[in-house]
Amino acid sequence: MSRLGMLYALTDAEVEKLRSVPMEERYDYMLNEIEENLFDSPRACELDKAWEGLQLCLGGGKWSEVNSVPTNIIFGGEYLVDTEEEVITLKNGDDVKNIVEYLRQNDLEKIINENFWKIDVDFQYKDNDGLEHTLGWSEGILPFYENALKENCRVIFTVDF
């Protein structure tokens, strides 16, 4: 079980194609079609296992799935897949615009540094290495979202447990 998180910027047509796939087949479709085509492109942002720490830091040290900025930057959005083993959430165009505005006005590195030690759940990476890991994987988030906004894309977050 990898727990590796990814963000992908999808066009409207790509989102509609993903939606057209039966729910139980969507994650495999994402792996075989979306990840295969976008992984090493500006329309992908790898988060490794840092996605969980990022989500916790964006929630002020608490887990939050509220679908508004900043807690929807990573995990939030409309659920396209929600099982015990896999999740795909979707952020629409307005979400992407609001996320870019937020990230331009708020220093993500500062947010992580301020909130990492406030994490109040059982989080196996809550140590100095975990903080550095979270900070390192956060560096591509703003450029990714800026590109998604520029290309008029929506964004999916994917993770398998």
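These values consider heavy atoms only, across backbone and side chains, with no hydrogens, waters or symmetry-generated copies.
- Side-chain contact between Glu146 and Leu149 is absent, with no heavy-atom pair separated by less than 4.5 Å.
- In this structure, Arg26 does not pair ionically with Glu86, as no charged nitrogen and carboxylate oxygen lie closer than 4.0 Å.
- Across Phe157 and Gly5, no two heavy atoms sit closer than the pair CE1-CA, 4.0 Å.
- Ionic pairing of Arg154 and Glu78 is not present here: no N-O contact between side-chain nitrogen and carboxylate oxygen is shorter than 4.0 angstrom.
- Contact between Leu7 and Ile73 at its shortest, heavy atoms only, is CD2-O, 4.2 Å.
- Under the 4.5 Å side-chain criterion, counting only non-hydrogen atoms from C-beta, Lys62 is not in contact with Val121.
- The main-chain N or O of Ala9 is found under 3.5 Å from a side-chain atom of Arg43 such that the two form a donor-acceptor pair.
- Val81 is not listed as a side-chain neighbour of Thr158, based on a closest heavy-atom distance of 4.5 Å or more.
- In this structure, Glu36 places its CD atom where only 12 or fewer heavy-atom neighbours from other residues, nucleotides or ligands lie under 6.0 Å away.
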Quick one, Asn115 with Leu56, criterion side-chain contact (heavy atoms from CB on, under 4.5 Å). Give me CA distance, side-chain angles, the key distance, then yes/no.
CA-CA 8 Å; Asn115 292 320; Leu56 289 162; over 6 Å; no
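- Asp95 has its side chain out of reach of Leu90: every pair of non-hydrogen atoms, C-beta onward, lies at least 4.5 Å apart.
- In this pair, Phe75 and Trp63 present their aromatic rings perpendicular. The plane angle is above 60°, beyond the 30 to 60° band.
- Closest approach of Val155 to Ala148, counting heavy atoms only: CG2-CB, 3.9 Å.
- Residues Tyr79 and Val96 share a single hydrophobic cluster, defined by chaining ILVMFWY side chains whose heavy atoms lie under 4.5 Å apart.
- Under the 4.5 Å side-chain criterion, counting only non-hydrogen atoms from C-beta, Asp160 is not in contact with Leu31.
- Here CG of Leu142 is found 5.5 Å from CG of Leu103. Values are rounded to the nearest 0.5 Å.
- More than 12 heavy atoms of other residues, nucleotides or ligands shown are found within 6.0 angstrom of NZ on Lys126.
- The number of heavy atoms from other shown groups lying within 6.0 Å of CG (Asn32) is above 12.
- Note that CG of Asp48 and OG1 of Thr134 are 9.5 Å apart. Values are rounded to the nearest 0.5 Å.
- When the side chains of ILVMFWY residues are joined at heavy-atom separations under 4.5 Å, either directly or via intervening members, Leu108 and Tyr125 end up in a single hydrophobic cluster.
- Rounding to the nearest 0.5 angstrom, the gap separating the CH2 atom in Trp51 from the CD1 atom in Ile141 is 12.5 Å.
- For the pair Asn72/Val66, no side-chain contact is recorded, criterion being any heavy-atom separation below 4.5 Å from C-beta on.
- Among all heavy-atom pairs drawn from Pro42 and Phe144, the shortest one is O-CD1, 3.7 Å.
- The minimum heavy-atom distance between Ser64 and Gln55, with the atom names listed, is O-NE2, 2.5 Å.
- For the pair Ile74 and Lys91, the tightest heavy-atom approach, listed with the atom from each and the gap, is O-NZ, 2.9 Å.
- Considering Val87, Leu47, Ile88, Thr89 in turn, Val87 is the only one that fulfils the side-chain contact (heavy atoms from CB on, under 4.5 Å) rule with Val159.
- Under the 4.5 Å side-chain heavy-atom criterion for ILVMFWY residues, no single connected hydrophobic cluster contains both Trp137 and Trp117.
- Between Phe123 and Phe116, the two ring planes are perpendicular [angle over 60°; tilted spans 30° to 60°].
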